[in-house]
Amino acid sequence: MTAADSAEAQRYDPRAIQEKWQARWAELDSFRASDDPADPRERAYLLDMFPYPSGDLHMGHAEAYAIGDAMARYWFQLGRNVLHPIGWDAFGLPAENAAIRNNAHPADWTYANIETQAESFKRYAVSFDWSRRLATCDPDYYRWNQWLFLRFYERDLAYRKDGYVNWCPKDQTVLANEQVINGRCERCGTEVVRRTLTQWYFRITSYADQLLADAAELEGKWPDRVLLMQRNWIGRSEGVEVEFRIEGRDEPVTVFTTRPDTLYGATFFVLAADSPLASELCAPDRRDQLQAYVEDVRKLTDIERQATGREKTGVFLGVHAINPVNDEPIPVWAADYVLPDYGTGAIMAVPAHDQRDLDFALAFGLPVRVVVHTGLADPAETGVATPGEGELVNSGPLDGLSKGEAITRIVQLLAGKGLGRTAVNYRLRDWLLSRQRFWGTPIPIIHCPACGEVPVPEEDLPVVLPDLRGADLAPKGVSPLAAATDWVNVACPKCGGAAKRDTDTMDTFVDSSWYFLRYCSPHYDQGPFDAEQVRRWAPVDLYVGGVEHAILHLLYSRFFVKVLHDMGLTEFREPFTRLLNQGQVINGGKAMSKSLGNGVDLGQQLAAHGVDAIRLTMVFASPPEDDIDWADVKPEAMVKFLGRAYRLAADVAAAGPAAAGTAAADGSVDLRRVTHHTIDEVTRLIEAYRLNVTVARLMELVTAARRTIDTGPGAGDPAVREAAEVLAVLLSVFAPYTAEECWELLGREASVAKAGWPQADPDLLVAESVTCVVQVNGKVRDRLEVAPSVAEDDLREAALSAPGVIRALGGQSIRKVIVRAPKLVNIVAN
RNA sequence: GCGGGCGUGGCGAAAUAGGUAUACGCGCCAGGUUUAGGUCCUGGUGGUGGCGACACCGUGGGGGUUCGAGUCCCCCCGCCCGCACCA
C-alpha cells in the first residue's frame with residue numbers, strides 16, 4: 001500500500017472524531033481528583049487562572065488553556081492524582097453594565113455566559129474536574145469573602161480611613177493603586193482623578209517585608225520579570241528619619257531621607273501640599289494662597305500630574321524649620337512634587353544633590369549649597385544636580401568623609417540627640433478594597449450611630465445582595481446598594497438601635513485572592529475551605545496565566561495566603577510554587593480589538609480546523625511565554641500533521657491485528673531508536689515547558705515511522721506499531737481527540753489519556769555510532785562515523801588521515817590537536 | 001529618567017555544560033499521484049562565486065577571552081516591557 005492509497009482509504013475527519021469522543025469522555029469522567037487519603041498516587045495541583053465570563057471563550061483563552069491542559073494531561077499520564085479545577089471570576093463591572101443596558105439582573109448575563117464557556121471548555125477538551133466548578137458570585141462563595149473580611153478586621157488588617165483616592169469618573173468608583181495604569185483606569189482607560197473619600201483598606205503594607213523576603217523562595221520558579229516587578233512595586237527603601245523643629249510648634253516634624261549625609265545641604269523644607277500638615281503649619285496670611293494652590297493640584301489628573309518635565313509649583317507657608325545639625329532656619333514650602341502618602345509627606349530639600357529639589361530651587365530662587373564634592377560642575381549653574389558620591393564639604397563634622405562614612409556618622413550624631421534613626425519605607429500602599437458598585441461582595445459591616453462600625457455576626461452571613469436590576473444599578477457616585485433602603489436599614493447587632501449597612505462592595509480581586517484554596521473543598525460549609533484538604537492539595541504546583549496579573553492578582557494572593565498562614569489556616573506561606581506566564585495571541589502585530597477590527601473568532605477557527613489543530617497551533621507556534629501573531633500562523637499545517645499521525649495508526653491497524661505488547665524488539669532497530677529517543681527527549685522538554693520543541697519532536701517521530709513503512713519493513717513491522725502507540729500517548733497531551741482515535745484504531749481501549757507515559761529503554765538510547773566533526777583551525781573539514789566509545793588516540797589518528805583534513809592542511813605543520821571524543825577533533829595548524 | 005529583557009534564513013522559531021548554526025513548521029522551487037485543481041507523497045531551499053568537487057562569508061555592529069563563541073566579557077546601535085516626582 002502506498003501512502004497515497006492510505007490517504008484515500010483513511011480520511012482524517014476532525015469533526016467526526018470530536019463528536020464521537022466528546023460523548024464517550026463525558027461517561028469516562030477521567031479527570032476527577034481523588035480526595036481519598038488512602039489514594040497512593042502522588043498529588044499534584046495544576047491551576048489555570050480562572051476566566052471572567054464576559055462572553056464565549058476567545059483566542060487568548062485557547063492559548064492559555066492549551067498550555068495548562070498539556071501540562072495537566074502530562075501529569076495524568078505520569079499517574080499522578082491531579083487536581084485541575086475550573087471556576088469563574090464572576091463579579092465585576094461588565095455584568096453590571098450589561099444589566100443596565102438590558103434592564104436585567106447582572107446574574108442573568110453572568111450565569112448565561114458561564115454556561116456558554118463551560119460548554120466551550122468541554123468541546124476544547126480541557127481535562128477539568130467538573131465536580132469542583134464554582135463562581136465567585138455564588139452566595140456560597142462570597143459569604144466566605146465576608147467571613148475572611150471579618151477575620152482581617154479582627155486582626156486590624158481591614159480598616160476604614162479618609163484617603164486621597166483614585167477615582168474613575170466613567171465607572172464612578174474608586175480604584176486601587178494597582179488598578180491605575182499610566183494614570184488611567186485599568187478597566188475602561190478613562191483618566192483617573194483624585195478624590196478624598198472614606199474607604200476600606202487591607203493593610204497589605206504590614207506584609208511588605210514578608211512579601212519581599214519570601215519572593216526569594218520563588219526565584220527560579222517564577223519568571224524573573226514577575227519577581228522583579230513585584231520587588232519594584234513593593235519598593236523597599238532604606239534610609240533615616242530626621243526630626244526638624246518647626247518655629248512656633250511644639251512637636252517636631254519628621255522627614256524620611258535616603259541621603260542623611262547631605263543634611264548640611266538642606267536649604268529648604270517641603271510638605272505635600274495636600275497633606276493635613278501643610279494646612280496646619282501654614283501661616284494665617286498664607287492660608288488663601290495655599291488653599292487656591294491645593295485646589296489647582298486636585299484638578300489635575302494623574303496623567304497631568306505625572307507629565308515629565310513639568311514645572312515645579314508650590315507655595316511658601318511663611319514658617320521655618322530648624323535644621324537639627326546646625327540650627328539653621330530654612331523656609332517651609334508646600335508643593336505637589338512631595339506625595340502625601342509616601343514617607344511622612346515631608347522632605348528636607350537638598351537642591352545641589354537632588355534634581356527635583358534643584359528644579360524647585362531654581363524655579364523659586366532658593367539657595368543651592370554643595371556639600372558633596374563630586375568633581376562635577378556647580379548644579380546652581382548647570383541646572384543638573386549631582387547625586388553621585390564624593391567627599392563631604394561644608395558639612396561640619398562630616399567634612400572629608402565618604403558617603404558611607406558620613407551616613408554612619410550622622411546617624412550616630414542624630415541618634416545621640418534623639419533626633420533621628422534608621423528607617424525603612426515602602427512604595428507599596430495599603431490595598432483600597434471598597435467599590436461603589438453593585439455586582440460584588442457586600443462589605444459585612446453595619447454602621448450604628450451609637451456603636452460605630454459593627455461587624456455583621458457570623459451567623460448572619462452571607463449578607464446577600466438585594467435584588468436590584470436595570471436602571472437602579474446606574475452609577476451615581478455612591479454605591480447602588482444605598483438605594484435599597486429595605487436592605488440598608490437594619491437593627492444594630494450590638495444595641496438593637498436603627499443602623500445602616502455599609503453600601504460598598506469589595507474589589508473583585510478579593511474573590512480571586514483565595515479561590516485556589518476553595519477548589520480543594522468547594523462544597524465545604526464550615527469555613528472558606530477545609531484545612532485538611534488544603535493541607536493535602538495546596539499550594540498550587542503550577543499556576544498558568546497571563547503576565548498582566550504580575551502585580552495585582554499575584555501580589556494580593558500572596559498577601560492573603562500569608563495572612564491565612566498567620567491565622568493558622570495554612571501551613572504554607574506562598575500560594576503558587578511555580579508560575580508559567582503564557583504570551584498573548586495577537587493579530588498583525590497588534591492586540592486584537594474591536595476598534596482595529598483585527599479580532600479572530602475562536603469558534604470560527606475551531607469550526608474551520610478542529611479543536612486539536614487549534615490547540616496544537618497554540619503550543620507549536622512559539623515558546624509558551626512568547627506572543628503568537630495569528631497572522632504568522634497556519635493551523636492548516638497542524639491539520640496536515642494530525643492527518644499524518646492518524647494515517648500512521650490507520651496503516652498499522654490495516655497491516656494486521658498484532659496484539660498489544662508484540663515484541664517490538666523484533667522490529668526495525670533504527671525506528672526503535674528514534675521512538676525511544678523521542679520519549680526521552682519529549683519528557684525532558686515538557687518538564688521544562690518547551691512545548692513548541694516537543695511538538696517538533698513528535699513530527700519527526702511520525703516522519704521516521706512513515707519512512708520505515710515506505711522503505712521496506714512496512715506497516716506490519718512491530719517497531720512501527722510501537723512508534724504509533726507511543727505517538728498516540730505523547731500526542732494525547734496536545735491533541736486529545738486525534739490521539740484517542742489513533743489509540744482506538746490501534747486496538748487499544750479508551751482512554752488514551754490514562755494510558756500511562758511511556759518509558760524510554762536505556763539500551764536504545766545508546767547510539768551505535770556518532771558523527772565526529774573534524775575541524776582544521778576551527779573549520780569543519782571532514783566527518784567521521786565512530787563508535788561512541790572510541791579511544792582518544794584512535795580518533796586523533798583517524799582524524800589526521802581523513803581526506804578532507806589532508807586537503808585542508810595542504811602540508812601545513814600541525815601545532816596542536818584537541819580531541820573531544822567522540823564528537824569533535826580540532827587540528828590547529830599553520 | 002530608573003530598572004529589566006531581547007536582536008539567529010523570506011517568516012514563526014531550534015541549537016544539553018563554549019564544540020556540525022538554522023532542528024521542526026510556514027513559504028518558495030522541482031518532481032510524483034491525479035482528467036485537472038486541491039489533497040497526499042518525495043526531494044531541494046542562508047548568502048556570494050564556481051559546470052563541479054569545493055571555496056569564501058554568515059547569528060544587530062565593533063572589540064576581547066579561547067584550539068574553538070549564537071552562547072562568556074567590554075563598548076555601541078536598534079526594538080520591547082515594567083515603574084515613573086517614592087525623597
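Lettering of chains follows the sequences in order, A, B, ..., and the numbering in each one begins at 1. Hydrogens, waters and symmetry mates are skipped; everything else that's a heavy atom, side chains included, is used. Source: prediction; values computed, not measured.
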Do A/F641 and A/F620 have ring centroids that are under 6.0 Å from one another? no
Aromatic ring centroids of A/W333 and A/F269 under 6.0 Å? no
Quick one: does A/Q230's side chain have a donor or acceptor within less than 3.5 Å of a partner on A/L227's backbone? no
Please check: side-chain N/O of A/R369 versus main-chain N/O of A/A352, any donor-acceptor pairing under 3.5 Å? no
As its Watson-Crick or G-U partner within any shown strand, both distances under 3.5 Å, B/A17 has none
I'd like the [atom1] distance from [M] over to [N], given in whole Å.
| N | M | atom1 | result |
| --- | --- | --- | --- |
| B/G27 | B/C11 | P | 15 Å |
| B/A84 | B/G10 | P | 41 Å |
| B/U59 | B/G9 | P | 9 Å |
| B/U71 | B/U65 | C1' | 14 Å |
| B/G46 | B/U39 | P | 24 Å |
| B/G19 | B/G70 | P | 10 Å |
| B/G61 | B/A53 | P | 29 Å |
| B/G60 | B/A13 | P | 15 Å |

Can you tell me which nucleotide in [options] comes closest to the side chain of [X]?
| X | options | result |
| --- | --- | --- |
| A/Y342 | B/G3, B/A87, B/A84 | B/A87 |
| A/K779 | B/A13, B/C57, B/A87 | B/C57 |
| A/L228 | B/G4, B/C67, B/A23 | B/G4 |
| A/R647 | B/C41, B/C26, B/A23 | B/C41 |
| A/L824 | B/G19, B/C40, B/C24 | B/G19 |
| A/M638 | B/G25, B/C11, B/A23 | B/G25 |
| A/N826 | B/C67, B/G27, B/G82 | B/C67 |
| A/T257 | B/C85, B/G25, B/A87 | B/A87 |
| A/S622 | B/C24, B/C57, B/A13 | B/A13 |
| A/R820 | B/G82, B/G19, B/G25 | B/G19 |

Please tell me if [X] has a side-chain N or O lying less than 4.0 Å from either OP1 or OP2 of [N].
| X | N | result |
| --- | --- | --- |
| A/R781 | B/A55 | yes |
| A/S237 | B/A87 | yes |
| A/N692 | B/A14 | yes |
| A/R427 | B/A87 | no |
| A/R644 | B/C41 | yes |
| A/R707 | B/G43 | yes |
| A/K816 | B/C67 | yes |

Regarding [X], tell me which of base, sugar-phosphate or nothing describes its non-hydrogen contacts under 4.0 Å with the strands shown.
| X | answer |
| --- | --- |
| A/V547 | nothing |
| A/K640 | sugar-phosphate |
| A/V633 | nothing |
| A/Q775 | base |
| A/D354 | nothing |
| A/I818 | base |

RNA chain B: 5'-proximal contact among A/G778 and A/D336 (nearest heavy atom): A/G778
Begin with the C-alpha distance, continue with both residues' side-chain angles, and end with the deciding distance and a verdict on side-chain hydrogen bond (donor to acceptor under 3.5 Å, both in side chains) for A/D357 and A/Y337. CA-CA 9 Å; A/D357 296 343; A/Y337 84 93; 2.7 Å; yes
Pick one for B/A17: is it syn, with its angle within 90° of 0, or anti? syn
Pull up the glycosidic torsion of B/G9 and say syn or anti, syn being anything within 90° of 0. syn
Please state how far atom CH2 in A/W233 lies from atom P in B/G4, giving the value in whole angstrom units. 19 Å
Checking A/Y293 against A/T313: is there a side-chain donor and acceptor pair closer than 3.5 Å? yes
Would you say the side chains of A/H353 and A/T262 form a donor-acceptor pair under 3.5 Å? no
No-H, no-angle donor-acceptor pair, A/R225 side chain to B/G4 base, under 3.5 Å: no
As an exercise, state the distance from CG of A/D627 to CD of A/Q584, rounded to the nearest 0.5 Å. 5.5 Å
